[in-house]
Amino acid sequence: MSASRTSLSLLRTLVPYKTQTRAVTYMPRPGDGSPRPVTLIPGDGIGPLVTNAVEQVMEAMHAPVYFEKYQVHGDMKQIPQEVIDSIRKNKVCLKGGLRTPKGGGVSSLNLHLRRELDLYASLVDCCNLPGLPTRHENVDIVVIRENTEGEYSGLEHEVITKFCSERIAKYAFEYAYLNNRKKVTAVHKANIMKLADGLFLESCREVAARYPTIKYDEIIVDNCCMQLVSKPEQFDVMITPNLYGNLVANTAAGIAGGTGVMPGGNVGAEHAVFEQGASAGNVGKKKMVEQKTANPLALLLSSAMMLRHLQFPAFANRLEEAVKNVILEGKYRTKDLGGDSTTQQVVDAVIAKIE
């Protein structure tokens, strides 16, 4: 054998063939590629801007979804029945913020939607994003809150029930189990609210006993707020009653990078509504609407969650990666992230990054 052939043979022995880095393929069921209808509520203020951003990106991706659009505004007395019927039919909705009147006994349409569809679990995903500087690193928190009862439900004197406490606890632990999360922390004020929060903790403990591989602990809401701003990396999945959850989710979002990049949604047994995760009712300032400088990234990431919920994982991954690459590059950012880009410039940048 010649020296050159000997060298080539040795090289093949020492250098392994390149292995594929992709995951094992997703095998759909027949018909899973059929386009799915999604109810779309642009909402108020910046809502039409950011929902239009999603429409543009979905079209650019040729994603297998199409939207049934309805105009709903926060000053309406109730959500039109045709909108409720559309969500019941489609099972999935994407919405912008709805302006909530302050005082005067006017009910929030956001709360009305959650009660009407029994969207009992709110989920906000708060994690550091590469390229976006924050005070704390290694923040990866998912806040799951009960969505239908207690003070924040709009029924200010309604108590917490065993049924609702148990089903939100089941959802939180099931989420942790299915997403390979290691710990669930219950946030409460049972030292003062002994009956209501005591019942909530009792339900969490009962469900926790069925998941021995997931660590479970509890924290009083006062201490929770202090721990969030001083050492947020200690938290994983957090489960809360309705009112505390709104505060905890917005605090965690601010720590992880801001409400403009945190996705979220509300889910029940039959339906799901996806929207900006934290400060979901935010409709922006008038100047932001006029100048068209709203940040569309939170709702784009929420729509990636929606695509995964609809069992379109490859489309979800492509969208999520495109958004993260735009953030990492740092060239196009809206004012809330330290830049001066318009909504459309950010959208165009995301579309350019889609593979």
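Residue numbers run from 1 in the order of the sequence given.
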Does His136 offer a backbone N or O that forms a donor-acceptor pair with the side chain of Thr134 under 3.5 Å? yes
Answer yes or no: is there a donor N or O on one side and an acceptor on the other, between the side chain of Thr240 and the main chain of Arg145, under 3.5 Å? no
I'd like to know whether Lys189 forms a salt bridge (charged side-chain N to carboxylate O under 4.0 Å, His left out) with Asp197, so could you lay out the CA-CA distance, the side-chain angles of the two residues, the decisive distance to 0.1 Å, and finally the verdict. CA-CA 6 Å; Lys189 190 65 175 173; Asp197 285 22; over 6 Å; no
Aromatic ring pairing Phe173/Tyr216, orientation class (parallel under 30°, perpendicular over 60°, tilted between): tilted
Donor-acceptor contact below 3.5 Å, side chain Asp44 vs main chain His73: no
Using 4.0 Å as the upper bound for N to carboxylate O, is an ion pair formed by Glu355 and Arg318? no
Distance col, row Ser203:OG vs Lys162:NZ, nearest 0.5 angstrom, shows 3.5 Å
Flag, side chain of Asn295 to backbone of Thr334, donor-acceptor distance under 3.5 Å: no
Please report the interatomic distance NE2(His271) to CD1(Ile84), rounded to the nearest 0.5 Å. 9.0 Å
Result of checking Met288, Lys287, Lys285 against Thr293 for side-chain contact (heavy atoms from CB on, under 4.5 Å): Met288
Output all residues satisfying ring pair (Phe, Tyr, Trp, His ring centres under 6.0 Å) with Phe274, sequence neighbours left out; order by chain, then residue number. His309
Sequence neighbours excluded - salt bridge (charged side-chain N to carboxylate O under 4.0 Å, His left out) pairs with any residue from residues 292-308: Arg308-Glu320
Sub-4.5 Å side-chain heavy-atom contact between Leu310 and Val38: yes
Flag, side chain of Ser302 to backbone of Ala298, donor-acceptor distance under 3.5 Å: yes
Should we count OH of Tyr26 as having more than 12 external heavy atoms under 6.0 Å? yes
Could you tell me whether a side-chain N or O of Asn52 sits under 3.5 Å from a main-chain N or O of Pro48, the two making a donor and an acceptor? no
